[in-house]
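Everything quoted here is computed from the prediction, not taken from an experiment.
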Amino acid sequence: MSVDIFVFLALNRAPDFDAWQKAMRASRPEMHFVAPVDLAKHSGFLPLVVDGKTTGFFFFRNDAKELVSDYPMVAASGVSGGVAYQLSFGGDAHECIAAMRSAEVLVKNFGGVAFDPQGGKVMTIKDLDDNAALCGTSLRP
């Protein structure tokens, strides 16, 4: 089973790789991307190191207008255009933490709006943090 998180960003606020990496290091020092990519062209697995473990998630860049028409709840939150970063992961707890924490950085630092299409709800920073913590509970002995 795959889980998706969309983070909707205004075009003028959507970070490039270097800005996202810098914000990640400042907000989440336990995390960093493994190698730089061009986010405008990258599609596929995006590796990260989280707490010394290499993991990651699948990253896709989407036109926000196309997705907003599919998810009216996002439109109600004030998003109407721009770009949507899609962070997808399978059942792995490390991938879940990487995706949730990465989405959290995009929301906190770049004014993103996180959306869970499986649950049909806009996610707050607390929701993202709680989900990452929940994923982490499965890693404890």
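Taking the side chain to side chain contact (heavy atoms under 4.5 Å, CB included) definition, one finds that Asn12 meets it with Ala10, sequence neighbours left out. Qualifying side chain to side chain contact (heavy atoms under 4.5 Å, CB included) partners for Lys41, counting only residues two or more places apart in sequence or in other chains: Asp38.
Separating the OG1 atom in Thr55 from the CD1 atom in Ile97 is a distance of 8.5 Å, to the nearest 0.5 Å.
Classified by interplanar angle (parallel below 30°, tilted 30° to 60°, perpendicular above 60°), the ring pair Phe6/Phe8 is tilted.
Here side-chain hydrogen bond (donor to acceptor under 3.5 Å, both in side chains) pairs that include residues 13-26, with residues two or more places apart or in two chains, number zero. Identified under the salt bridge (Lys or Arg N to Asp or Glu O under 4.0 Å) test for residues 107-122, with sequence neighbours left out: Glu104-Lys108, Lys121-Asp127.
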Per-pair distances, 0.1 Å, donor-acceptor, side chain in residues 85-96, under 3.5 Å, sequence neighbours excluded:
residue : atom : partner : partner atom : Å
Tyr85   : OH   : Pro15   : O            : 2.7
Gln86   : OE1  : Asn62   : ND2          : 3.1
Gln86   : NE2  : Asp4    : OD1          : 3.2
Gln86   : NE2  : Ser88   : OG           : 3.3
Ser88   : OG   : Asp4    : OD1          : 2.3
Asp92   : OD2  : His94   : N            : 2.9
Asp92   : OD2  : Glu95   : N            : 2.9
Glu95   : OE1  : Gly90   : N            : 3.2

Using atom types as modelled, flag every donor-acceptor pair under 3.5 Å from a side chain in residues 42-54 to any protein atom, sequence neighbours excluded.
residue : atom : partner : partner atom : Å
His42   : NE2  : Gly44   : O            : 3.3
His42   : NE2  : Phe45   : O            : 3.1

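Closest non-hydrogen pair, Leu9 versus Gly111, comes out as CD2-C, 4.5 Å. Nearest approach of Met31 to Ser102, heavy atoms of both residues: CE-OG, 3.7 Å. Between Val7 and Gly112 the shortest heavy-atom distance is CG1-CA, 3.9 Å. Counting all heavy atoms, side chain and backbone alike, Leu39 lies closest to Arg61 at O-CD, 3.6 Å.
Two residues are said to be in side-chain contact when any heavy atoms from C-beta on lie closer than 4.5 Å; Leu134 and Met100 fail this criterion. Between Val113 and Val122, the closest side-chain pair of non-hydrogen atoms falls below 4.5 Å. The side-chain heavy atoms of Met123 and Phe115, taken from C-beta on, include no pair separated by under 4.5 Å.
One hydrophobic cluster, built from ILVMFWY side chains closer than 4.5 Å, cannot hold both Leu106 and Phe60; they sit in different ones. Hydrophobic clustering of Ile, Leu, Val, Met, Phe, Trp and Tyr side chains at less than 4.5 Å, counting indirect connections, unites Met24 with Phe110. Linking ILVMFWY residues whenever their side-chain heavy atoms come closer than 4.5 Å, directly or via other members, places Val37 and Val105 in the same cluster.
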One pair to check against side chain to side chain contact (heavy atoms under 4.5 Å, CB included): Val83 and Asp63. What are the steps and the verdict?
CA-CA 5 Å; Val83 64; Asp63 182 333; over 6 Å; no
Determine whether Arg28 and Asp129 satisfy the following criterion, salt bridge (Lys or Arg N to Asp or Glu O under 4.0 Å), listing intermediate values before the conclusion.
CA-CA 12 Å; Arg28 293 281 170 196; Asp129 189 52; 3.6 Å; yes
